[in-house]
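These notes are about the structure you will find just below.
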Amino acid sequence: MSLSFLEPRSGRTTAEVIKYALWPIAIMTVIQRVVIKAVNGDVTNDFNPVYSAALAFLNRQPVYTANFDSVDPHYLYQPSATMLLSPIAVIDPERSRWLFIIASTVAILLALYILLRIFGFRLDSVAAPALLLAAFVSETVTNTLVFTNFNGFVLLGEVAFLGYLLQRKDLSAGVAMGLTLAIKPMLAPLLLLPLMTRQWKVFITSIAIPVVMMAIAWPLSVDPMNFIDRTLPYLLQTRDYFNSAVVGNGRYYGVPELLTLGIRAVLGIMVLISLWLLYRYCREDRLFFFATTSGLILTAHWLLGSLGQMYYSMMLFPLLMTVVLKNSLLRNWPAWLAIYGFMNYDRWLSGRWIETGRALDYLRTTFGWALLIVVIFGVLVGRYFAARSEGRLDDGIEPSYLLPSAPPAKTA
């Protein structure tokens with residue numbers, strides 16, 4: 001059987017060859033993650049407590065009854081989320097979970113497509129299969145599907161929010177944000193972005209939607225006050241298991257509280273200085289500003305707050321995509337060492353070096369997020385001092401090699 005019809009009619013570029021090679025690998029990786037790994041599941045199952053809460057809500061039974069003394073996944077969503085997620089309990093749990101996995105996969109694929117378009121790429125570019133493969137081999141997408149949680153939809157909401165902000169469709173951006181806040185308020189810190197760019201209309205819909213959803217769900221819930229009295233205090237605590245935040249790992253390893261506070265303070269100062277430099281000198285480049293600042297804000301929120309989990313890192317995809325921009329802060333090897341730390345699906349547990357392997361496995365996310373903050377801070381500060389020494393701060397802090405060349409002097 002001849003396959004000559006697959007041969008090119010003319011010479012292909014390197015990019016075309018890579019594109020044709022990546023597409024089958026990417027597609028098969030997606031299928032394996034969805035059909036095999038996700039359906040097989042894992043010991044950690046984020047879907048069961050959500051399904052049980054949805055079923056209890058539909059049957060007018062108490063929802064907030066979790067035993068917080070165990071380390072099993074708990075139901076932690078607010079009443080508005082319970083109402084919006086309740087349709088998943090209309091059918092049996094197995095088929096419901098499969099449909100949820102499919103819907104989550106579609107949400108992630110749609111988010112990746114929107115992200116491509118935001119950065120000016122199309123499906124026929126080499127960036128499309130590269131992004132698809134990179135996303136689905138990562139820990140964050142893999143475990144989002146395997147654990148079957150809501151984060152794929154949060155990613156779609158985040159990307160839609162950023163896309164609408166860039167287009168200055170503020171009310172639509174608020175709708176995308178508001179829908180995610182009504183279920184899982186993970187992206188709430190990103191409301192700093194429209195605050196920094198004075199896009200005030202975003203706050204109308206981003207606040208109104210969760211408030212209205214909560215007002216509808218509250219009287220429909222049997223025990224809504226238990227969310228306030230039992231679940232909310234638990235959410236405000238810092239746990240010492242499954243927690244990659246500095247304070248979480250500090251407590252797990254018995255690090256003195258003063259040292260933990262000092263680490264958080266130093267990294268917090270780096271974040272504040274980086275945010276100021278981005279706001280002062282980079283906000284006119286809206287794509288670079290929104291994508292970079294969103295990633296910095298979320299990383300700081302997870303690392304320096306009370307809870308950070310590795311699969312949250314999916315929300316950093318817009319930041320990682322900035323590598324295609326000439327003024328990206330990620331065009332250096334320390335940045336990608338950091339990204340390996342919180343994106344890789346490798347396990348570092350070792351049967352020979354037990355303690356070292358466990359430390360590497362448990363701390364790689366914390367170190368990765370911390371190194372990412374250090375890299376962003378270091379690159380921005382370096383660019384600031386370079387621009388100041390060259391007397392061009394009024395024109396921004398872009399690297400000098402990206403600035404337009406001065407016209408040649410006229411000769412007589």
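Keep in mind that this is a model prediction, so the values were computed, not measured. The residues of the chain are indexed from 1 along the displayed sequence.
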Tell me whether the count of non-hydrogen atoms from other residues, nucleotides or ligands lying under 6.0 Å of CH2 in Trp333 goes above 12.
no
Looking at Arg286 and Leu165, what are the two nearest heavy atoms and their distance?
NH2-O, 2.5 Å
CD1-CG distance between Ile91 and Leu99, expressed to the nearest 0.5 angstrom:
4.5 Å
Determine whether Leu156 and Ile114 satisfy the following criterion, side-chain contact (heavy atoms from CB on, under 4.5 Å), listing intermediate values before the conclusion.
CA-CA 9 Å; Leu156 177 58; Ile114 295 172; 3.9 Å; yes
Donor-acceptor pair, distance only, cut-off 3.5 Å: does the side chain of Asp361 make one with the backbone of Arg347?
no
Heavy-atom side-chain contact between Met315 and Val154 under 4.5 Å:
yes
Mind running side-chain contact (heavy atoms from CB on, under 4.5 Å) on Met186 and Glu158 for me, showing each step along the way?
CA-CA 10 Å; Met186 178 189 293; Glu158 178 195 14; over 6 Å; no
Answer yes or no on whether Arg33 is positioned over the face of Tyr345, meaning its NZ or CZ is under 6.0 Å from the six-membered ring centre and within 45° of the axis.
yes
Side-chain touch Phe377/Val271, heavy atoms, less than 4.5 angstrom:
no
Please list all pairs meeting side-chain hydrogen bond (donor to acceptor under 3.5 Å, both in side chains) that have one or both residues in residues 96-109, counting only residues at least two apart or in different chains.
Arg97-Thr148
Say you draw a straight line from NE2 of His301 to CG of Leu187; how long is it, rounded to the nearest 0.5 Å?
9.0 Å
I'd like to know whether CZ of Phe203 has more than 12 heavy-atom contacts from other residues, nucleotides or ligands below 6.0 angstrom.
yes
Please check if the side chain of Asp223 supplies one atom and the backbone of Pro62 the other of a donor-acceptor pair under 3.5 Å.
no
Donor-acceptor pair between Tyr279 and Thr293 side chains, under 3.5 angstrom
no
Note: Ser221 and Pro79 closest approach over all heavy atoms is OG-CB, 3.7 Å
Within this structure, what is the CZ-CG distance for the pair Phe385 and Leu393, rounded to the nearest 0.5 Å?
10.0 Å
Heavy-atom count around Lys201 NZ within 6.0 Å, excluding the residue itself: above 12?
no
Is the count of non-hydrogen atoms from other residues, nucleotides or ligands lying under 6.0 Å from Met225 atom CE greater than 12?
yes
Would you say that more than 12 heavy atoms from the other residues, nucleotides or ligands in this model lie under 6.0 Å from the CG of Asp394, or not?
no
Between the main-chain N or O of Leu325 and the side-chain N or O of Thr322, is there a donor-acceptor pair closer than 3.5 Å?
no
Below 4.5 Å, heavy atoms only, C-beta onward: do Pro73 and Asn45 meet side chain to side chain?
no
Note: Glu355-Arg358 ion pair, threshold 4.0 Å (strictly below)
yes
Could you label the plane-to-plane angle of the Trp369 and Trp302 rings as parallel, tilted or perpendicular, counting under 30° as parallel and over 60° as perpendicular?
tilted
Would one find more than 12 heavy atoms of other residues, nucleotides or ligands at under 6.0 Å from atom CG of Leu258?
no
Sequence neighbours left out, what passes ring-ring contact (aromatic ring centres under 6.0 Å, His included) with Phe147? Give chain and number order.
Tyr311
Say whether Tyr340 and Asp346, considering side chains only, have a donor N or O and an acceptor N or O under 3.5 Å apart.
yes
For Arg122, look at atom CZ and say whether over 12 heavy atoms of other residues, nucleotides or ligands are found less than 6.0 Å away.
no
Just to verify, what does Phe121 make a ring-ring contact (aromatic ring centres under 6.0 Å, His included) with, not counting sequence neighbours?
none
Whether Ser86 side chain and Met83 backbone form a donor-acceptor pair below 3.5 Å:
yes
Has the side chain of Thr299 got a donor or acceptor atom that lies under 3.5 Å from a matching backbone atom of Leu296?
no
Could you check whether any side-chain N or O of Ser350 sits under 3.5 Å from a backbone N or O of Trp353, counting only pairs where one atom can act as donor and the other as acceptor?
yes
Please find the pair of heavy atoms, one from Thr205 and one from Pro210, that lie closest to each other, and give the distance.
O-CD, 4.2 Å
The reported gap from CG in Leu371 to CZ in Phe342 (rounded to nearest 0.5 angstrom) is 9.0 Å
Among pairs that include at least one residue of residues 152-172, which meet ring-ring contact (aromatic ring centres under 6.0 Å, His included), considering only residues two or more places apart or in two chains?
Phe100-Phe153, Phe150-Phe153
In short, Gly351 meets Ile354 closest at the heavy-atom pair O-CG1, 3.7 Å
Is the distance between the ring centroids of His74 and Tyr234 less than 6.0 Å?
yes
Does any non-hydrogen side-chain atom of Lys326 lie less than 4.5 Å from one of Glu398?
no
Look at the side chain of Arg230 and the backbone N and O of Ala66, then say whether any donor-acceptor pair between them is shorter than 3.5 Å.
yes
Taking the side chain as everything from C-beta on, heavy atoms only, tell me whether Gln78 gets closer than 4.5 Å to Pro185.
yes
Minimal non-hydrogen separation, Met270 against Ile373, with atom names:
CB-CG2, 4.2 Å
Expected output: side-chain Gln61 to main-chain Leu55 donor-acceptor under 3.5 Å:
no
Starting from the C-alpha separation in whole Å, work towards a yes-or-no answer on side-chain contact (heavy atoms from CB on, under 4.5 Å) for Met321 and Ile118.
CA-CA 10 Å; Met321 272 295 292; Ile118 286 175; over 6 Å; no
Under the side-chain hydrogen bond (donor to acceptor under 3.5 Å, both in side chains) rule, what pairs show up with a residue in residues 248-265, not counting sequence neighbours?
Asn249-Thr366
Salt bridge (Lys or Arg N to Asp or Glu O under 4.0 Å), that's the test. Do Asp395 and Arg392 meet it? Break it down for me.
CA-CA 6 Å; Asp395 298 322; Arg392 53 180 179 84; over 6 Å; no
In the structure I gave you, are the side-chain heavy atoms of Ser313 and Glu139 within less than 4.5 Å of one another anywhere?
no
Taking the side chain as every heavy atom from C-beta outward, state whether Met196 and Arg283 have any pair of such atoms under 4.5 Å apart.
no
N/O donor-acceptor pair under 3.5 Å between Ser389 side chain and Ala386 backbone
yes
How many angstroms lie between atom CG of Leu155 and atom CD1 of Ile108, to the nearest 0.5 angstrom?
7.0 Å
If every non-hydrogen atom of Leu193 is compared with every non-hydrogen atom of Ser294, which pair is closest and at what distance?
CD1-CB, 4.0 Å
Give every residue pair that meets the side-chain hydrogen bond (donor to acceptor under 3.5 Å, both in side chains) criterion with at least one member in residues 183-192, sequence neighbours excluded.
Asn151-Lys184
Is there side-chain contact between Arg383 and Pro399, with at least one heavy-atom pair below 4.5 Å?
yes
More than 12 heavy atoms from other groups under 6.0 Å of CH2 on Trp336:
yes
Under 3.5 Å, is there a donor-acceptor pair between the side chain of Thr140 and the main chain of Met314?
yes
From CG (Leu330) to CG (Leu372), nearest 0.5 Å:
6.5 Å
Tell me, with the steps shown, if Val375 and Leu329 meet side-chain contact (heavy atoms from CB on, under 4.5 Å).
CA-CA 8 Å; Val375 167; Leu329 306 180; 5.7 Å; no
